[in-house]
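Residues take their numbers from the sequence shown, with the count starting at 1. None of the values given here were measured: they were computed from a predicted structure. Just so you know, ligand 1 is whichever comes first in the structure, and atom 1 is the first atom listed for that ligand.
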Amino acid sequence: MPPSPTPPPSADGVWTGLRLAPGAAPLKAGAQAAIVVGQGLIEWVGAAADLPAEHAHLPRHDGGGALATPGLVDCHTHLVYGGQRAHEFALRLAGASYEEVAQAGGGIVSSVRATREASEDDLFASAAARLETLLAEGVCAIEIKSGYGLALEHERKQLRVARRLGEAYGVAVRTTFLGAHALPPEYAGRSSDYTDLVCQEMMPALAAEGLIDAVDVFCERIAFTLEETERVFRAAQALGLPVKLHAEQLSDMGGAQLAARYGALSCDHIEHLSQAGIAAMRASGTVAVLLPGAYYTLRDTHLPPIAALRAAGVPMAVSTDHNPGTSPCLSLLLMANMACTLFRLTVPEALAGITTHAARALGLQDTHGLIAVGVPANFVLWNVREAAELAYWLGGKPVRTVVRQGLIR
Ligand code: DI6
Ligand code: FE
């Protein structure tokens, strides 16, 4: 269902009866807090007792004792695609590996077929339903990748849908061009030629149309080589576009070091990340994006090097990696839970991973994933006693109110 034509009510005014989650804003955790919203921006945040007199006359919104966090940020999704792949789930249950499914003509390429067959409106409708689920759980900014079109017109279609979703739903959408996701069937055996097409035709055309906020590559032995990845990065750099990488998911390709040399926003998956990769990411300020939904779905057993990332001080984000093959996940809170349970993140790390650090992975650290004066009002009120509950419950709907782009949703 597209959002109703009547706009949601404004969140302008004073929000009281709140507790701020630890780390959400510079205030003693748990103290009674207030947030002042004016013209869609946060004008003031602090202890309710310190509310400046100038704000006292404003309309009040009662938080009812809820816990407030910044709006959630889902920093790695493949949300726009045709069809779904439940049958592959069954194949894998019967013993096939992800790589075997891909080599047998399933996998990414089957979603490419369905995406090419779908109209822009079909893609909008199916992605909108998924987006609504994520938004209802408190997502206020989301990254959406292309990569199921693998030809100019179909990549364009996916990215246009991503932009339209952002406008229709009033949510910050960052688009990522992932033309180098898989080899389209018409380029079988001609990976280098396809890489040229991505760099020389698709990327410049889509960038000129304002459809690309960042560029990504699936650098893996079943996808693109390190050399091809670097060609894509060089093309991105020439267009002034930031890069990120699907790195070291199934094997250590040295992708993280390459990405760091190009100042990548993030390296994602990174189950097989080496110490050299960690050092390079630390030096370049690249965020480590952890994707426990894919790890879980693939029944992976090779854990990302969490302790080493933590020791190096590399910021860790957590995301759904929503995609029809390896992570058909529509709950960022469930990912926070799995980041704790499977990857041994602490609760504060997991919550920073779906807010502050996720925003950084999108280059949005100054405007999203935080409750601070001057930023757009994106925050969530939760019916929980303590922040740990956000990573603790498996399922459930702890949201009380979402304020997104200054409106009460
Ligand atoms: N890594 C992933 O986990 C997804 N893409 C990627 O580069 C999987 C995409 C799919 O199987 O459709
Ligand atoms: Fe992915």
Side-chain angles (χ1 to χ4, degrees), residues 74-89 91-92 96-116 123 126-127 130 142-150 154-155 158 162 174-184 198 214-225 228-229 232 243-251 253 255 259 264-272 287-300 302 304 317-330 332 335 338 358 361-362:
D74 196 351
C75 66
H76 177 142
T77 86
H78 310 247
L79 198 73
V80 177
Y81 53 84
Q84 46 78 26
R85 309 225 300 270
H87 58 285
E88 273 177 30
F89 180 61
L91 283 179
R92 281 203 308 272
S97 71
Y98 179 60
E99 283 148 303
E100 283 162 357
V101 169
Q103 274 151 13
I108 295 175
V109 170
S110 66
S111 291
V112 171
R113 215 177 301 124
T115 302
R116 288 178 173 183
L123 291 178
S126 62
R130 298 187 279 267
I142 184 168
E143 186 249 21
I144 301 179
K145 301 176 194 293
S146 69
Y148 289 115
L150 309 185
H154 299 295
E155 290 284 298
Q158 277 193 283
R174 301 300 284 174
T175 57
T176 297
F177 173 58
L178 180 57
H181 189 198
L183 207 54
V198 166
V215 172
D216 192 356
V217 177
F218 189 16
C219 178
E220 193 52 69
R221 58 189 183 213
I222 57 164
F224 293 86
T225 66
E228 290 161 345
T229 302
V232 176
V243 300
K244 55 177 67 185
L245 190 64
H246 278 73
E248 345 293 14
Q249 180 185 8
L250 309 169
S251 60
M253 306 267 293
L265 288 168
S266 68
C267 288
D268 304 38
H269 286 288
I270 55 171
E271 276 81 351
H272 295 260
V287 176
V289 178
L290 306 172
L291 304 170
Y295 177 92
Y296 166 82
T297 302
L298 295 172
R299 301 178 75 220
D300 200 346
H302 199 291
V318 174
S319 167
T320 60
D321 189 17
H322 178 90
N323 77 74
T326 62
S327 192
C329 169
L330 290 169
L332 197 50
M335 295 302 96
M338 287 191 182
L362 298 180

Margin query: Can a donor-acceptor pair be found, under 3.5 Å and without considering hydrogens, that links the side chain of Ser146 to the backbone of Leu178?
Written below: yes
Enumerate the pairs of nitrogen or oxygen atoms, one from ligand 1 and one from the protein, separated by less than 3.5 angstrom; state names and distance to 0.1 Å.
| unit_1 | atom_1 | unit_2 | atom_2 | d |
| --- | --- | --- | --- | --- |
| ligand 1 | 3 (O) | His269 | NE2 | 3.4 |
| ligand 1 | 3 (O) | Asp321 | OD2 | 3.2 |
| ligand 1 | 3 (O) | Thr326 | OG1 | 2.9 |
| ligand 1 | 5 (N) | His181 | NE2 | 2.8 |
| ligand 1 | 7 (O) | His181 | NE2 | 3.2 |
| ligand 1 | 7 (O) | His246 | NE2 | 3.4 |
| ligand 1 | 11 (O) | Arg85 | NH2 | 2.8 |
| ligand 1 | 11 (O) | Tyr98 | OH | 2.8 |
| ligand 1 | 12 (O) | Arg85 | NH1 | 2.9 |
| ligand 1 | 12 (O) | Arg85 | NH2 | 3.3 |
| ligand 1 | 12 (O) | Tyr148 | OH | 2.6 |

Check: Backbone N or O of Ala86 within a donor-acceptor pair of the Gln84 side chain at under 3.5 Å?
Finding: yes
Note to self: I'd like to check the salt bridge (charged side-chain N to carboxylate O under 4.0 Å, His left out) partners of Lys145; sequence neighbours left out, ordered by chain and number.
What the structure shows: Glu143, Asp216
Notebook entry, point to check: With distance as the sole test, does Glu248 use its side chain to make a donor-acceptor pair with the main-chain N or O of Glu271 at under 3.5 Å?
Noted result: no
Margin query: Let's test this: below 2.8 Å, count the protein N/O/S atoms around the Fe ion (ligand 2).
Written below: 4
Margin query: Parallel, tilted or perpendicular, judged at 30° and 60°: which one describes the rings of Tyr148 and Tyr81?
Written below: perpendicular
Next item on the list: Tell me whether the centres of the aromatic rings in His302 and His272 are closer together than 6.0 Å.
Entry: yes
Checklist line | Partner set under salt bridge (charged side-chain N to carboxylate O under 4.0 Å, His left out) for Arg116, not counting sequence neighbours | finding: Glu186
Check: Do we see a donor-acceptor contact under 3.5 Å between the side chains of Ser319 and Asp321?
Finding: no
Item checked: Pair His246, His76: side-chain N/O donor-acceptor within cut-off below 3.5 Å -> yes
